[in-house]
Peer 1: 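Shown below is the structure under consideration.
This structure is a prediction, so every number in the text was calculated from the model and none was measured. Values reported hereafter were calculated over all heavy atoms of this structure, with side chains retained and with hydrogens, waters and symmetry mates removed.
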Amino acid sequence: MSDIDPNARREVNNAIINSGSTVVGNMMKNADSSIEKRRKNKEEREKREAEEKADKEKADAAVEVGIDYLVNFLLRQNRNLRPTLKEKVEVRSEILANHCNSTHFGGCERCGPRPPRASLDQLTHSPKSYSPKCSTSTIEAFSDVMDTNALIDLVHEVQGQLWVDKMNETHRTGRLCQWVSTFHPDKLPCQLDGTFHHGAFNAGIKMVFSDSTAWMVRFPRVGMVCDDYTDEKVAKEVTALSLIYNETKVPVPRVQAWGPAASNLLGLGPFIMMDFINGISVSDLLKDPNAERPTRLMREDISDSDIEVIYRQLANFLLQLFKLDFDRIGSLPSPTAEAQSPTPTRPLTFKAHSILQNGGVDTFGDRGQGFATATEYFQYVVGQDWEQLVYQPNSVVGLYEAKNKYVAFKVLKALIPDLVNTKYDRCKFKLICDDLGLANLIVRSREDLTVVGVVDLEWSYIGPAQLFGSAPWWLLQDRPINSAWDYKGDEPPKIAARYFKCLEIFIRILEEEEAKMPGHKERELSSLVKWSQASGAMWLHMLLSSGFNDHRSFPFTQLRRHLGATEWAKREKEFDNAEELEAFAARKVSELDEYDEALEKREEEKALVDSGKMTKEEFIANALIEPGCPPCSSSFVVSNEMRNDEGFRLPQLMKHCWPLKAMQGLEPPSELDSFLSYKMDQLQR
């Protein structure tokens, strides 16, 4: 691409970098920052595992002291003042047999039943009383509780840069504006107005026509959205926008044109063209510009009155959407009758996509199989967390975390039947948008908080009513799975008090709006929200809506506390198989070592790209033929459909291997088929 005008390249690159997105800006910078981030992440995970180990050893030591004290105490109660060694061993064995293993003895969150009440009271008031605490509640979490797969991230970063170069070229040559004009009813000329607009998954440009009408032209960002699912992502959003536009008064933009990647003559991927909405993003309005690190968390100086104005409007929109009923769980239909393939039953969700795109694990399963109940669907979604834990090579930081996560995710799935609202298990399915929250709102101005637009409705599908009617995760704009919400030991995060205060405000406002709106006499939505809080299902719902979950996260900890130590320990004990845990943890640590070695090699190659000694195309081509290369843009992907008898992962050959190479302008290697056959045979052996 040496023929690109440097001034044009600089113009578009600066437009993207200056448009407010840290993510896209970083994509255009030197890769030193991403390498530094991964170095820090590695240090943090080593520190976290060391603290988990130290905490366990400390707890074990305290337990030993406590058990010895309890043995002597019980023997004294039986007036055995000079017990023999054999008698001590027998009492000790009985204690351990009636409770959990010594690692978690003492009635903490990971323990079984406590010792007899008199013994416990004596222990807690004795001069040498102890209070062993589990790693689940005492370890300070770090910024990335489960890392993304950096082997994949590096490739996506370079793919994104190549896509920006391509966008740059179409702008320089004038083809971008010419192409957009072909979709205008009168074929009016247009021009780019302002800078690029974008979020985590899309890049958009404002195009103004000669009659002063304005459209937002938006593309899924290459490197952020899985290549295999960009068409589907766009199509489902078009369906959601059209449905809401026609059936409600929610101010979504009107779609003017859209198309799959094959119809885009510029080669920039699928697209949506919609009415441009003038205003200010609520996300920009609420976030703290002076925060030490980028965060979506609502700043603390926002007044309650302003919060109520925004909540009230969003509550009204949710009540309108809640009136839309569907008879099945699954994907939205295609927006065109000429769909080339039947609509998949299993939906394209934010969670499944992020696990695939950023973790490298395909958790969709057979998308043709549907779900008759909310219970079945919830079990399927929690199963995605389990598959990510098992098959992502860097899903744990070490032995101790591997064991804790193994048990925690097993318990989570076992809890689902207890957290399903039976009234809505088989009926009244709703339109779900996984990412709908305050950041989707556009208000008229900083002074006028009237919502004039609701945008970015990707990841929309039909799901259980209780998932729609849950205590919202977005009340403070940030997802509660993020590190700002983590417990510090037994101390809840300060942000928790803000969240529960805002939840009270939202429920009150929802009830007020519900009372005013026709068709809501039964107060179903507010009742569901309150039920989710009272039952603890709200914490399950938060875990269901996001990938990269961790057993120390705020929702996980809240769910554990809601159930209570005894009940949680009872569930945990069912899966506390020492032999299985040791085998699983050993395998995960081995995979992590292999991952670190592969990552070091790939970072060295990325450094060659940054120094100009290797082209971006060469870097991607090399990555495509290496184990661990990214799904949706490579020849291999970890799939739950191809495993050997021992349950170990086997890479699956992907049908889109060659199309991506062709897109990059590479000649088809004559030995491609033999190479893939060789690699598959090697892996099978």
Side-chain angles (χ1 to χ4, degrees), residues 11-28 159-161 163-172 175-184 190-209 213-225 229-231 233-238 240-242 244-245 251-261 263-284 296 433 435-437 439-443 452-460:
E11 179 183 349
V12 175
N13 288 352
N14 288 341
I16 293 179
I17 292 172
N18 294 329
S19 58
S21 171
T22 302
V23 178
V24 176
N26 285 341
M27 185 178 70
M28 304 305 303
Q159 287 176 319
Q161 292 170 355
W163 182 77
V164 168
D165 286 342
K166 198 166 191 176
M167 174 74 78
N168 192 342
E169 182 183 19
T170 61
H171 174 63
R172 178 188 68 84
R175 295 169 58 212
L176 184 60
C177 291
Q178 293 173 4
W179 175 72
V180 173
S181 292
T182 64
F183 293 93
H184 192 280
C190 64
Q191 62 180 6
L192 174 68
D193 181 20
T195 60
F196 279 68
H197 302 261
H198 45 76
F201 303 103
N202 307 291
I205 47 178
K206 179 183 179 182
M207 288 292 191
V208 178
F209 294 91
T213 59
W215 289 1
M216 169 65 78
V217 181
R218 208 184 68 179
F219 307 92
R221 283 174 50 192
V222 171
M224 302 303 291
V225 180
Y229 294 100
T230 52
D231 282 352
K233 170 187 171 295
V234 168
K236 300 313 176 188
E237 182 172 5
V238 170
L241 287 169
S242 300
I244 296 170
Y245 185 87
V252 296
R254 181 175 56 177
V255 176
Q256 297 288 351
W258 75 280
S263 68
N264 188 337
L265 300 179
L266 302 179
L268 295 174
F271 60 92
I272 304 180
M273 300 182 186
M274 63 190 88
D275 292 341
F276 184 85
I277 299 176
N278 287 300
I280 296 178
S281 168
V282 168
S283 176
D284 293 337
R296 290 174 64 177
C433 179
D435 206 28
L436 177 61
N440 300 80
L441 307 181
I442 298 176
V443 295
V452 294
V454 180
V455 298
D456 294 346
L457 296 180
E458 56 215 345
W459 319 122
S460 294

Peer 1: Under 3.5 Å, is there a donor-acceptor pair between the side chain of R221 and the main chain of G199?
Peer 2: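 Checked: pair present.
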Peer 1: Within a strict 4.5 Å, meaning less than it, do heavy atoms of the M216 and P253 side chains meet?
Peer 2: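 Counting from C-beta outward, M216 and P253 never come under 4.5 Å.
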Peer 1: Could you walk me through whether K206 and N278 pass the side-chain contact (heavy atoms from CB on, under 4.5 Å) check?
Peer 2: CA-CA 10 Å; K206 179 183 179 182; N278 287 300; 3.7 Å; yes
Peer 1: Taking salt bridge (Lys or Arg N to Asp or Glu O under 4.0 Å) as the test, write out the residues that go with D435, two or more places apart.
Peer 2: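 For D435, the residues satisfying salt bridge (Lys or Arg N to Asp or Glu O under 4.0 Å) (neighbours in sequence not counted) are R479.
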Peer 1: How long is the span from the CG atom in N202 to the CD1 atom in I272, to the nearest 0.5 Å?
Peer 2: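 Between atom CG of N202 and atom CD1 of I272 there are 7.5 Å.
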Peer 1: Test side-chain contact (heavy atoms from CB on, under 4.5 Å) on E237 and S460 and set out the steps.
Peer 2: CA-CA 7 Å; E237 182 172 5; S460 294; over 6 Å; no
Peer 1: Please give me the minimum heavy-atom distance between P220 and V225, naming the atom from each residue.
Peer 2: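 In terms of heavy atoms, the two residues are closest at CB-CG2, 4.1 Å.
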Peer 1: If you apply the rule side-chain contact (heavy atoms from CB on, under 4.5 Å), what do you find for H197 with F276, and how did you get there?
Peer 2: CA-CA 11 Å; H197 302 261; F276 184 85; 4.1 Å; yes
Peer 1: Once ring pair (Phe, Tyr, Trp, His ring centres under 6.0 Å) is applied, do any residues pair with F209, and if so which ones, sequence neighbours excluded?
Peer 2: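 Ring pair (Phe, Tyr, Trp, His ring centres under 6.0 Å) list for F209, sorted by chain: H184, W215.
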Peer 1: Give me the atom names and distance for the closest heavy-atom approach of N264 to F219.
Peer 2: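 So the minimum-distance heavy-atom pair works out to ND2-CE2, 3.7 Å.
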Peer 1: Can you check whether V208 reaches T213 side chain to side chain, under 4.5 Å on heavy atoms?
Peer 2: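 No, their side chains stay 4.5 Å or more apart.
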Peer 1: Enter the distance from Q178:CD to L266:CG here, rounded to the nearest 0.5 Å.
Peer 2: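 Answer rounded to 0.5 Å: 9.5 Å.
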Peer 1: Can you measure from CG (L436) to SG (C433) and round to the nearest 0.5 angstrom?
Peer 2: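 Result: 5.0 Å between the selected atoms.
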Peer 1: Considering all heavy atoms of both residues, which atom of L265 and which atom of R175 are nearest to each other, and what is their separation?
Peer 2: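 In terms of heavy atoms, the two residues are closest at O-NH2, 3.8 Å.
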Peer 1: Drop me the distance from M207's CE to C177's SG, to the nearest 0.5 angstrom.
Peer 2: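 Reported to 0.5 Å precision, the distance equals 4.0 Å.
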Peer 1: What residues form a side-chain contact (heavy atoms from CB on, under 4.5 Å) with I442, not counting sequence neighbours?
Peer 2: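 Here the qualifying residues are I277, V452, V455.
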Peer 1: Please find the pair of heavy atoms, one from A203 and one from W163, that lie closest to each other, and give the distance.
Peer 2: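 Taking A203 first and W163 second, the nearest heavy atoms are CB-CH2, 3.9 Å.
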Peer 1: Between Q159 (side chain) and V222 (backbone), is there a donor-acceptor pair under 3.5 Å?
Peer 2: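 A pair under 3.5 Å: no.
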Peer 1: Would you say E458 and K233 make side-chain contact, with heavy atoms under 4.5 Å?
Peer 2: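 Yes, their side chains come closer than 4.5 Å.
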Peer 1: If you look at every heavy atom in P260 and S263, which pair is closest and at what distance?
Peer 2: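 Closest approach of P260 to S263: O-OG, 2.8 Å.
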Peer 1: Between V217 and W179, what is the shortest heavy-atom contact and its length?
Peer 2: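 Result for this residue pair: CG1-CZ3, 4.3 Å.
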Peer 1: Check for a donor-acceptor pair, side chain of N440 on one end and backbone N or O of V454 on the other, with a separation under 3.5 Å.
Peer 2: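 Side chain of N440 to backbone of V454: no pair is present.
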Peer 1: Looking only at the aromatic ring of each residue, does the gap between the centers of F183 and F271 stay below 6.0 angstrom?
Peer 2: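 Yes: the rings meet the under 6.0 Å criterion.
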Peer 1: Say you draw a straight line from CG of L176 to CD of Q191; how long is it, rounded to the nearest 0.5 Å?
Peer 2: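 These two atoms lie 12.5 Å from each other.
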Peer 1: Once you round to the nearest 0.5 Å, how far does CD1 of I205 lie from CE of M273?
Peer 2: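 Nearest 0.5 Å value for the CD1-CE distance: 8.0 Å.
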Peer 1: Go through the steps for F196 and H171 under the test ring pair (Phe, Tyr, Trp, His ring centres under 6.0 Å), then give the verdict.
Peer 2: CA-CA 12 Å; F196 279 68; H171 174 63; 7.7 Å; no
